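To keep things clear, I will list the structure first and then write my remarks on it.
Hydrogens, waters and symmetry mates play no part in the numbers below; they use all other heavy atoms, side chains included. Please read all numbers here as calculations on a predicted model, not as lab measurements.
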Amino acid sequence: MVRVSDPAMLMPLLDGWEEGMLYAYLSGRMGYAIADADYRSAQVRVGDFCFFAGKPDAAVAAWRPAETRPYTILIPQTRDWDTLIEQTAPRARRSVRYAFCKCNAFDTALLHRFADALPAAYELRRMDEGLYRLAVREEWSRDLVSQYPTWEAYAAHGAGYAVLRKGALVCGASSYADWPDGLEIEIDTHPAHRRRGLARACAAAFMLDCLERGLHPSWDAANEASARLARTLGYRPAGAYPVYESAE
């Protein structure tokens with residue numbers, strides 16, 4: 001195995017794979033990759049996501065970093081990888097995610113209505129340094145900013161919106177990954193404040209901010225509830241796809 005020094009070396013393997021995390025990797029902003037000696041097979045890691053691309057290779061499938069993340073989503077480029085993933089990660093659970101088209105054809109008037117439709121007790125605010133630090137403290141909200149080790153890193157390339165109640169962070173829509181043309185959206189709500197339209201309002205504000213800056217607010221749903229919200233906000237489905245969830 002070789003550590004890929006230049007993301008451009010994997011362009012032939014990743015070209016056409018429309019994943020926000022892969023865009024972040026190819027832009028050089030996030031993640032890392034390993035490949036076989038001939039660069040015909042590769043594993044790309046960005047945050048909790050691990051992508052297997054190119055010709056299925058047992059050594060590439062089996063490789064793990066020295067410090068394995070406690071939870072990883074394993075994503076095969078083709079079904080030919082499935083057997084190797086199942087052999088090298090036998091405890092991984094097969095599940096489904098939902099992709100959405102990478103195009104900005106949204107009804108901005110509708111998004112403004114959603115962003116404004118918060119219960120009276122709640123406040124919508126753009127993410128700032130104070131909210132970044134609040135998000136880092138709590139397990140439920142950490143992924144809103146987890147890919148940015150410092151506020152300065154987040155301020156340079158990330159963005160987001162948060163909902164507060166009595167000064168406490170209760171919901172957020174923020175960038176999980178970024179690349180020059182877009183942001184991958186991460187949405188989290190405190191369990192005690194769900195089903196109140198908070199995620200919809202945060203997401204709408206995040207999307208509007210992206211659109212005003214000429215960026216694509218990329219959405220990839222981990223479950224049907226997230227997929228329903230995406231469709232409500234105007235995303236066009238691009239199909240479900242199988243993944244493996246590994247908790248090692």
Side-chain angles (χ1 to χ4, degrees), residues 1-4 7 10 13-14 17-36 39 41-100 135-136 138-149 153-154 158 172 174-179 183-188 218-227 238-248:
M1 295 299 97
V2 296
R3 184 78 173 241
V4 179
L10 295 186
L13 296 185
L14 302 179
W17 197 353
E18 295 188 338
E19 282 280 359
M21 271 66 71
L22 292 179
Y23 296 158
Y25 167 73
L26 289 171
S27 73
R29 290 188 179 178
M30 290 183 164
Y32 62 93
I34 60 99
D36 68 332
Y39 288 87
S41 177
Q43 181 187 131
V44 180
R45 288 181 175 251
V46 179
D48 291 331
F49 294 80
C50 176
F51 301 86
F52 297 94
K55 182 180 179 181
D57 181 283
V60 170
W63 186 86
R64 298 291 184 272
E67 296 183 3
T68 303
R69 298 177 72 92
Y71 172 75
T72 307
I73 301 167
L74 310 173
I75 306 175
Q77 187 178 43
T78 65
R79 298 277 60 78
D80 296 335
W81 280 97
D82 289 5
T83 299
L84 290 178
I85 293 173
E86 290 166 5
Q87 290 173 348
T88 57
R91 291 184 292 177
R93 180 177 68 89
R94 184 165 171 145
S95 62
V96 174
R97 292 184 68 90
Y98 302 86
F100 291 88
V136 170
E138 302 273 353
E139 182 64 30
W140 73 266
S141 59
R142 197 164 294 141
D143 272 346
L144 292 171
V145 297
S146 64
Q147 302 311 304
Y148 302 88
Y154 183 86
S174 182
S175 50
Y176 185 85
D178 65 80
W179 60 99
L183 300 171
E184 185 73 25
I185 189 169
E186 169 75 20
I187 301 178
D188 294 295
S218 180
W219 192 299
D220 191 272
N223 51 56
E224 180 53 40
S226 176
Y241 63 98
V243 301
Y244 292 86
E245 298 179 60
S246 176
E248 299 181 351

Closest non-hydrogen atom pair between Thr88 and Ala61, with its separation: OG1-O, 3.4 Å
Tyr154 side chain reached by Pro149 side chain, heavy atoms, under 4.5 Å: no
Gln43 (side chain) donor-acceptor with Val60 (main chain) under 3.5 angstrom: yes
For Ser141 against Ala135, the heavy-atom pair lying closest together: OG-O, 2.8 Å
Nearest heavy atoms of Asp57 and Asp36, plus distance in Å: OD2-CB, 4.5 Å
Tyr241 side chain near Asp220 side chain, heavy-atom distance below 4.5 Å: yes
Atom pair CD/CG of Glu186 and Leu144 - distance to nearest 0.5 Å: 6.0 Å
Glu184 side chain to Tyr23 side chain, donor-acceptor N/O pair below 3.5 angstrom: no
pair Val44-Leu22: side-chain heavy atoms closer than 4.5 Å: yes
Between CG on residue Asp178 and CD on residue Gln147, distance to nearest 0.5 Å: 10.0 Å
Beyond-backbone contact of Arg45 with Thr72, side-chain heavy atoms, under 4.5 angstrom: yes
Test item: Arg142 side-chain N/O and Val136 main-chain N/O as donor-acceptor pair under 3.5 Å: yes
Minimum heavy-atom distance between Gly31 and Val46, given as atom pair plus value: CA-CG2, 4.0 Å
Criterion side chain to side chain contact (heavy atoms under 4.5 Å, CB included) against Tyr176, the qualifying member of Ile185, Ile187, Asp48: Asp48
Donor-acceptor contact below 3.5 Å, side chain Ser41 vs main chain Lys55: yes
Point-to-point distance, once rounded to the nearest 0.5 Å, from OG of Ser95 to CD1 of Ile73: 7.5 Å
Flag, side chain of Ser226 to backbone of Ala221, donor-acceptor distance under 3.5 Å: no
Check: Leu26 main-chain N/O paired with Arg29 side-chain donor or acceptor under 3.5 Å: no
Validation row: Trp17, Phe51 side chains within 4.5 angstrom (heavy atoms): yes
Nearest non-hydrogen partners of Ala53 and Leu14, listed with the distance: CB-CD2, 3.6 Å
Tyr32 side chain near Arg3 side chain, heavy-atom distance below 4.5 Å: yes
Full working for side chain to side chain contact (heavy atoms under 4.5 Å, CB included) between Phe49 and Glu19: CA-CA 11 Å; Phe49 294 80; Glu19 282 280 359; 6.0 Å; no
Ring centroid separation Tyr25 to Trp179 under 6.0 Å: no
Nearest-0.5 Å distance, CD of residue Glu86 to CG of residue Leu74: 11.0 Å
Ring geometry between Trp81 and Phe52 (parallel below 30°, tilted from 30 to 60°, perpendicular above 60°): tilted
Flag, side chain of Ser27 to backbone of Ala24, donor-acceptor distance under 3.5 Å: yes
Euclidean distance, Ile85 CD1 relative to Arg79 CZ, rounded to 0.5 Å: 8.0 Å
For Ala177 against Met30, the heavy-atom pair lying closest together: CA-SD, 3.5 Å
N-O pairing of Arg94 and Asp82 below 4.0 Å: yes
Point-to-point distance, once rounded to the nearest 0.5 Å, from CH2 of Trp140 to CG of Asp188: 7.0 Å
